[in-house]
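See structure below.
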Amino acid sequence: MESLMSFEEVSELLNLDSRDDGRNKMLLGAVCEKICLYLDRNLLFSTKTETKMTYNLIFDFDEFPVRELLELVDADTGENLSLSPETPLRDISRPDAHKYRVYQIDSPKDRNVRATYRYGYSIEEMPMLIKAKIVEMTKIWIAFSVTDPIE
């Protein structure tokens with residue numbers, strides 16, 4: 001798994017000893033995996049296609065934040081669909097763009113929708129709350145992995 005935060009940044013913030021880089025990189029990777037498992041989603045920028053049935057015209061995406069909708073079609077007919085004006089995609093720079101949201105299609109009836117979308121963050125865009133938790137957990141895991149007695 002690719003780290004959610006650069007090792008250099010974590011190393012600088014925690015003043016890590018370069019002699020233990022292998023162990024520290026492994027622990028940083030494990031912390032990043034643990035955070036993604038806990039949040040039950042992928043955080044790094046990627047593309048995904050999924051098919052879902054709407055309910056009262058409403059559907060959701062498995063991953064978020066949704067950055068761009070590449071395709072939204074009726075999976076049964078191939079008809080192009082669009083989001084309702086009431087539920088547009090939020091610009092990633094907005095604080096409310098980072099949370100789970102539901103979307104509504106602009107249609108008179110429920111559909112089986114297939115959506116291809118881009119989601120997630122680049123390492124530089126990772127929210128500060130997640131970065132802070134990465135640093136905190138890495139520090140704790142490193143402290144408990146040392147072979148010297150803890151004073």
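A salt bridge links Arg114 and Glu71; the closest N-O separation between the charged side-chain nitrogens and carboxylate oxygens is under 4.0 Å. A salt bridge links Lys52 with Asp62: at least one charged nitrogen is closer than 4.0 Å to a carboxylate oxygen. Ion pair Asp91/Arg94 not flagged as a salt bridge, since none of the NZ, NE, NH1 or NH2 atoms sits closer than 4.0 Å to an Asp/Glu carboxylate oxygen. Salt-bridge annotation for Lys133 and Glu136: present, with a side-chain N of the basic residue lying under 4.0 Å from a carboxylate O of the acidic one. Contact check on Arg90 versus Asp96 returns a salt bridge, with a Lys/Arg side-chain nitrogen under 4.0 Å from an Asp/Glu carboxylate oxygen.
Aromatic ring centres of Tyr119 and Tyr121: separated by at least 6.0 Å.
Side chain of Tyr117 to main chain of Glu63: a donor-acceptor pair is present (N/O by atom type, distance under 3.5 Å, no hydrogens or angles). Judged by distance alone, with hydrogens and angles left aside, the side-chain atoms of Thr54 form a donor-acceptor pair with the main-chain N or O of Arg111 at under 3.5 Å.
Within a 6.0 Å sphere centred on CD of Glu12, heavy atoms belonging to other residues, nucleotides or ligands number 12 at most.
With no hydrogens or angles considered, no side-chain donor-acceptor pair links Tyr103 and Asp60 at under 3.5 Å.
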Candidate pair Phe61 and Leu69, rule side-chain contact (heavy atoms from CB on, under 4.5 Å), full reasoning: CA-CA 11 Å; Phe61 294 109; Leu69 194 54; 3.8 Å; yes
Run the side-chain contact (heavy atoms from CB on, under 4.5 Å) test on Asp106 and Leu81 for me, step by step, so that the C-alpha distance in whole Å, both residues' side-chain angles and the decisive distance to 0.1 Å come before the verdict. CA-CA 7 Å; Asp106 192 12; Leu81 302 171; over 6 Å; no
Gln104/Leu83 under side-chain contact (heavy atoms from CB on, under 4.5 Å): CA gap, chis, key distance, verdict: CA-CA 6 Å; Gln104 182 177 337; Leu83 292 177; over 6 Å; no
Step by step, work out the side-chain contact (heavy atoms from CB on, under 4.5 Å) result for Glu79 and Val73. CA-CA 5 Å; Glu79 179 185 347; Val73 297; over 6 Å; no
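Within the 4.5 Å cutoff, the side chain of Asp74 has no heavy atoms near those of the Val113 side chain. At a threshold of 4.5 Å between non-hydrogen side-chain atoms, the residues Thr77 and Asn112 do not count as touching. In this structure, the side chains of Met137 and Ile35 come closer than 4.5 Å at one or more pairs of heavy atoms. Considering only heavy atoms from C-beta on, Cys32 stays 4.5 Å or farther from Leu43 through its side chain. Considering only heavy atoms from C-beta on, Leu57 stays 4.5 Å or farther from Ser84 through its side chain.
Relative to the ring axis of Phe64, Arg41 places its NZ or CZ within 45° and under 6.0 Å from the centre. A cation-pi arrangement is present between Lys25 and Phe7, with the terminal nitrogen or guanidinium carbon under 6.0 Å from the aromatic centre and inside a 45° cone about the axis.
Nearest heavy atoms, His98 versus Pro127: ND1-CG, 4.4 Å. Minimum heavy-atom separation, Pro65 to Ala97: CB-O, 3.0 Å. Here the closest heavy-atom approach between residue Leu72 and residue Ala115 is recorded as CD1-CB, 3.9 Å.
Residues Leu28 and Leu129 do not share a hydrophobic cluster, defined by chaining ILVMFWY side chains whose heavy atoms lie under 4.5 Å apart. Put simply, Met126 and Leu39 are part of the same group of oily side chains (I, L, V, M, F, W, Y) that touch within less than 4.5 Å, one to the next.
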